[in-house]
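Written out below as structure tokens is the structure these notes cover.
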Protein chains: 2
Amino acid sequence: MKKISEAVVRRLPVYLQVLNDLHKRDVQTVSSQELGNKLDLNPAQIRKDLAYFGEFGRKGIGYDVSYLIEKIRQILKLDQPLSVGLVGAGNLGRALCNYNTYLKDNMKITAVFDAHPAVVGSQINSLTVQAMDDLKPKVEELNIVIGIITVPAVEAQNVADRFVDAGVKGILNFAPTILRVPDHIRIHYADFTTELLSLAYYLEKKEEEDDEPAVD
Amino acid sequence: MKKISEAVVRRLPVYLQVLNDLHKRDVQTVSSQELGNKLDLNPAQIRKDLAYFGEFGRKGIGYDVSYLIEKIRQILKLDQPLSVGLVGAGNLGRALCNYNTYLKDNMKITAVFDAHPAVVGSQINSLTVQAMDDLKPKVEELNIVIGIITVPAVEAQNVADRFVDAGVKGILNFAPTILRVPDHIRIHYADFTTELLSLAYYLEKKEEEDDEPAVD
DNA sequence: TAGATTGTTAATCGATTAACAATC
DNA sequence: TAGATTGTTAATCGATTAACAATC
């Protein structure tokens, strides 16, 4: 009904994280106040975020942890199998494949590809690295809907084009470069250098004073 | 003077990325219009973002690419050496170390630590993995201001505490968990599972129709 | 019943965009 | 000079927060 903003959607996985944690510690019920404390978020915001999708809480009580986990997983479509493909079997690609156990939740990297013949055929856990020529048929066969890009920046656009052509719906790009994709493809960026550079901004300056900036 | 919002700061590294690219292709000058096209951003926003920090452009002409790169690098404090430490010499940690060449720009991972004796002493490129006991002295010695966390979620809080105790100013956390740090420490999250889950939300639903949601 | 906490409306705050004078 | 494009103010849009009736 109402349009749901990106900011809201980005908070949902974080809520899920905290809820899973509470669940593991056998906590039955949680209030928006408690969640807000844990996440440094305004409780009203949490209630409003959740209310976009339904009435999940009980007045005077709070939210049932298990039930809310179930609901958020539904919203994020984690209640159905979700197949992910990855291109770039370098260090980063291999590292991400190791998160497969973390992902559980029906979401799984089901195929890995690389352009370099020397890498094709090698094993990453239970996955065998495949050639780029196999990308399109495998995306169809395995019903891969998300493509992860972990190749060098110069090759990233090409890989993105291949993913789009193969029919994925979303792309997660780890290469430090902006990609052009059609409007109907969703693209998220996960470039850690960008993150690191913006972090650098907040470090205290070396010599400048706060109050009275020198006039020149 | 005016408070600069986080949204603005997060866009700066992206501007830098595109500008570096233009510079490599020997482009001398760029307008906010052109930058906006490349980044899918409103030109007015780009002009406004930059204007927070000074007058970098020339009316009727645009921005000098090299000059703007220099200015943004100053803003992000990339014009001075910036030493980064990393804890967790697993696959992900190793992968990030390989970005060292990418970072160049005075920013560099200068030390790697791990809690597991079996890993301590092994090499990652030119870096030797060190024991956790060496964390504090090395942070001081190398003037490490940013700590990267690439350990499993359960150990992440402990590592964060160690980093804070050692005196870093900022933390980049790759573990999928919220961390508690003092207010004066800046913390950024780079958890790719969170990113992947929010991406899942935007994939088309399997059965639901767009127009006429069923009433129940 | 009294206390707690939700869902939601209204108020506030902040960020994005439009518009335009200044000027290269 | 005419055309282009900045820096900046004003207008718009959207997101966050406060407040409170409903209700467990």
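All chains are named by letter (A, B, ...) in the order of the sequence lines, taking the proteins before the strands, and each is independently numbered beginning at 1. For clarity, every value in this text was computed on a predicted model and none was experimentally measured.
If you measure from atom CG of A:D64 to atom C1' of C:dT6, you get 14 Å, rounded to the nearest angstrom. Rounded to whole Å, atom P of C:dT5 lies 11 Å from atom CG of A:N37. Between B:Y52 atom OH and D:dG7 atom C1' the separation is 12 Å, expressed in whole Å. Between A:F56 atom CZ and C:dT5 atom C1' there is a gap of 17 Å when expressed in whole angstrom units. Atom pair A:Q33:CD and C:dT6:P shows a separation of 9 Å (rounding to whole Å applied). For A:K3 and D:dC13, the NZ to C1' distance is 12 Å, given to the nearest whole Å. Remark: C1' of D:dT5 and CD of B:E34 are 11 Å apart, rounded to the nearest angstrom. Remark: P of D:dT16 and CG of A:L39 are 14 Å apart, rounded to the nearest angstrom.
Applying the side chain to side chain donor-acceptor pair (under 3.5 Å) rule to B:K169 yields no partners; only residues at least two apart in sequence or on another chain are considered. Remark: A:V14 pairs with A:L39, B:I178, B:T194 by the side chain to side chain contact (heavy atoms under 4.5 Å, CB included) rule, at least two apart or across chains. Shown here are the side chain to side chain donor-acceptor pair (under 3.5 Å) partners of B:T177, two or more places apart in sequence or in another chain: there are none. The side chain to side chain contact (heavy atoms under 4.5 Å, CB included) test applied to A:D161 returns A:Q157, not counting sequence neighbours.
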(request) Quick one, give me the B/S/- string for nucleotides 18-24 of chain D, reading 5' to 3', where B means a protein heavy atom under 4.0 Å from the base and S means that only happens at the primed atoms, P, OP1 or OP2. (result) BB--BBB
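A:Y63 has a side-chain polar atom (N or O) that falls below the 4.0 Å cut-off from OP1 or OP2 of C:dG7. Between B:S32 and D:dT5, a side-chain N or O to OP1/OP2 separation shorter than 4.0 Å is absent. Taking only side-chain nitrogens and oxygens, A:R11 comes nearer than 4.0 Å to OP1 or OP2 of D:dT16.
Counted by atom type alone, A:N125 and A:N98 present one or more donor-acceptor pairs between their side chains at under 3.5 Å. Judged by distance alone, the side chains of A:R186 and A:H188 do bring a donor and an acceptor atom under 3.5 Å apart.
Stem list for DNA chain C (at least 3 consecutive Watson-Crick or G-U pairs, distances under 3.5 Å): C:3-24 with D:3-24.
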(request) For the pair A:Y63 and A:E34, evaluate side-chain contact (heavy atoms from CB on, under 4.5 Å) and give the outcome as yes or no after the intermediate values. (result) CA-CA 10 Å; A:Y63 298 91; A:E34 291 167 301; over 6 Å; no
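Between B:L197 and A:L76, the shortest heavy-atom contact is O-CD2, 3.7 Å.
Checked for salt-bridge contact, B:K138 and B:E141 meet the test: a charged N lies under 4.0 Å from a carboxylate O.
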